[in-house]
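For reference, the structure is listed below as structure tokens.
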Amino acid sequence: MTSALSDPTLERHFKGHRDTVTSVDFSCSMKQIATGSMDSCVMIWNMKPQMRAYRFDGHKDAILSVHFSPSGHLVASASRDKTVRLWVPSMKAESTVFRAHTATVRSVNFSGDGQTLVTASDDKTIKVWTVHRQKFLFSLNQHINWVRCAKFSPDDRLIVSSSDDKTIKLWDKNSRECIHSFYEHAGYANHVDFHPSGTCIAAASTDNSVKVWDIRSHKMLQHYQVHSGVVNSLSFHPAGNFLITASSDSTMKVLDLVEGKLLYTLHGHQGPVTCVAFSRTGEYFSSGGADEQVMVWKSNFDCVECSDGVRLQHKTASSLQTPTTTSTAHFPLNSHTSILRSKVSPDSKNIHSNKAGFLRDTRTGVRQTVADAVQPSLTCSFSYTSPSFFLCLLPILSCLLFFLQTVSILEQRLTLTEDKLKECLENQMEIGLHLQRREDA
């Protein structure tokens, strides 16, 4: 039985914005895509062809960031009008608004449990809020220039931020202290995000490069110079094996993190590609650009296509890890890396691929791999002797993931119900006191 790697395919494209699309995100159910634009509108695109898109007006200036809550019941948007809005992604377009900062809000991100928000602003601060009632919790204040991006770690214990002061800062959410600062010497990071394992970060830089850092050793693991323009955005595949980047050179690049090389160069947008994001499963990714278009792509490259027509899709690292006795950490499904061959050779003299997972930077002579960033306590590799074994596991894994998502949604609904019940009781007490005062009078 032979195997081959399938190319990404453009599935759909949406046009409705009247200016550059600045941000894109998938709902957890994959039924909706949220986009923000310089035209001050949030658009909710329904993946079912027969369903129309929703346009949400409310912001008074450009929208720079949108993000779905983990449950998919809310969409947060950040704007130049200094506010953040929380929208219900339905036809009614209900929203709540709060003045989050004293300057442009460039980034908004939900925590993994959906209970808190982190925002980043040109007022040089990062702020953390509760989603319920949008209560301000605390501020992080060590940047000395505009803050472009702020994201929670997968376990919600850390926050990473990037700024025009040419630093990327790692913060402890509980102590509210800066743990470490990574320095960008040639430019600043437009966008930064955590690897799904939570052990490393990737930064999209204005010096046309993409860097991957280990947050424990503080070392740079990989350095890609594959774009000829500013890198505006990036997104990790949920399995952690791939990274997709969007650039002002009108292309997107798919990077194989295990082999440390360029896998695909994608053309589609006319002009700069400003944003890109994988769906929660990694089966799709979406991009937006200065051409006002939103494109939806089917990944395909995360699947192994066999001669008998069976497609085996890589699952996330957390769902496929099994113990191993070796001391070296591996990305999940390393048994497939020999199949994932590059369709486009790396186009930079500073990138050389050696053994699978290693990359040598010619300027430093250092050979490293993102695989080394996986925590020793989680060192694992998934291997099997036949595809039938993997196929047997798929229904079990699907049921488990569905169960976990259901529990998460129920927990959030229970919390909201408790808050509403508490509010009702408080209102009843106030009414009772008011009536008592009237009787006394």
Side-chain angles (χ1 to χ4, degrees), residues 1-13 24 26 30 33 193 195-197 202 204 210 212 222 224 226-227 231 233-247 250-269 273 275-287 295-317 319-320 330-348 351 353 356-359 369-371 381-383 387 390-391 394 397:
M1 181 174 64
T2 59
S3 301
L5 185 68
S6 298
D7 299 339
T9 53
L10 180 61
E11 293 288 298
R12 297 189 65 184
H13 71 278
V24 61
F26 283 89
M30 254 295 298
I33 297 174
D193 203 1
H195 185 272
S197 69
V210 176
V212 181
Q222 293 182 336
Y224 296 93
V226 292
H227 284 289
V231 187
S233 180
L234 53 76
S235 179
F236 280 104
H237 188 280
N241 293 9
F242 306 101
L243 179 70
I244 190 165
T245 59
S247 170
S250 304
T251 70
M252 288 174 286
K253 308 276 187 180
V254 179
L255 305 172
D256 185 334
L257 298 175
V258 177
E259 299 215 10
K261 67 182 182 183
L262 178 63
L263 196 62
Y264 292 103
T265 294
L266 301 175
H267 300 266
H269 289 279
V273 189
C275 53
V276 67
F278 274 109
S279 65
R280 299 298 195 266
T281 61
E283 186 179 359
Y284 294 90
F285 59 92
S286 183
S287 59
M295 296 186 178
V296 182
W297 309 72
K298 192 169 176 61
S299 300
N300 296 326
F301 53 79
D302 67 339
C303 299
V304 180
E305 191 166 312
C306 307
S307 59
D308 57 3
V310 177
R311 290 170 63 81
L312 307 179
Q313 184 171 351
H314 294 353
K315 296 298 177 182
T316 58
S319 64
L320 290 179
H330 299 282
F331 271 94
L333 294 178
N334 268 1
S335 55
H336 288 324
T337 55
S338 60
I339 301 167
L340 305 178
R341 295 306 176 199
S342 177
K343 299 291 179 184
V344 183
S345 298
D347 51 355
S348 169
I351 295 211
S353 294
F358 285 95
L359 174 139
T369 172
V370 180
S381 63
F382 184 84
S383 61
F390 185 74
L391 290 172
L394 282 178
L397 292 171

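Numbers for residues simply follow the sequence, beginning at 1. As the structure is a prediction and not an experimental result, all values here were calculated from the model.
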Shortest non-hydrogen contact from Pro8 toward Leu266 | CG-CD2, 4.1 Å
Donor-acceptor under 3.5 Å (Ser279 side chain, Tyr284 main chain) = yes
Of all residues at least two apart in sequence or in a different chain, which pass the side-chain contact (heavy atoms from CB on, under 4.5 Å) check with Ala204?
-> His191, Val231, Leu234
Whether Phe242 and His237 hold their rings parallel, tilted or perpendicular, with breakpoints at 30° and 60° | perpendicular
Reported CE-to-SG distance for the pair Met252 and Cys275, which is rounded to 0.5 angstrom = 10.0 Å
Hey, is the main chain of Gly240 close enough, under 3.5 Å, to the side chain of His195 for a donor-acceptor pair?
-> yes
Can you measure from CE (Met295) to NE2 (His269) and round to the nearest 0.5 angstrom?
-> 4.5 Å
Between Gly260 and Tyr224 the two heavy atoms that sit nearest each other are CA-OH, 3.4 Å
The side chain to side chain contact (heavy atoms under 4.5 Å, CB included) partner of Glu259 among Leu262, Leu257, Asp256 is Asp256
Residue set satisfying ring pair (Phe, Tyr, Trp, His ring centres under 6.0 Å) with Phe285, at least two apart, ordered chain then number -> Phe278, Trp297
Taken in chain and number order and not counting sequence neighbours, the residues that satisfy side-chain contact (heavy atoms from CB on, under 4.5 Å) with Ser286 are Val24, Phe26, Ile33, Val294, Val296
Where Tyr264 and Ser6 come nearest, the two heavy atoms and their spacing | OH-O, 3.1 Å
Would you say the side-chain atoms of Ser299 pair up with the backbone N or O of Glu283, donor to acceptor, closer than 3.5 Å?
-> yes
Decide yes or no for Thr245 and Leu255: does some side-chain heavy atom of the first lie under 4.5 Å from some side-chain heavy atom of the second?
-> yes
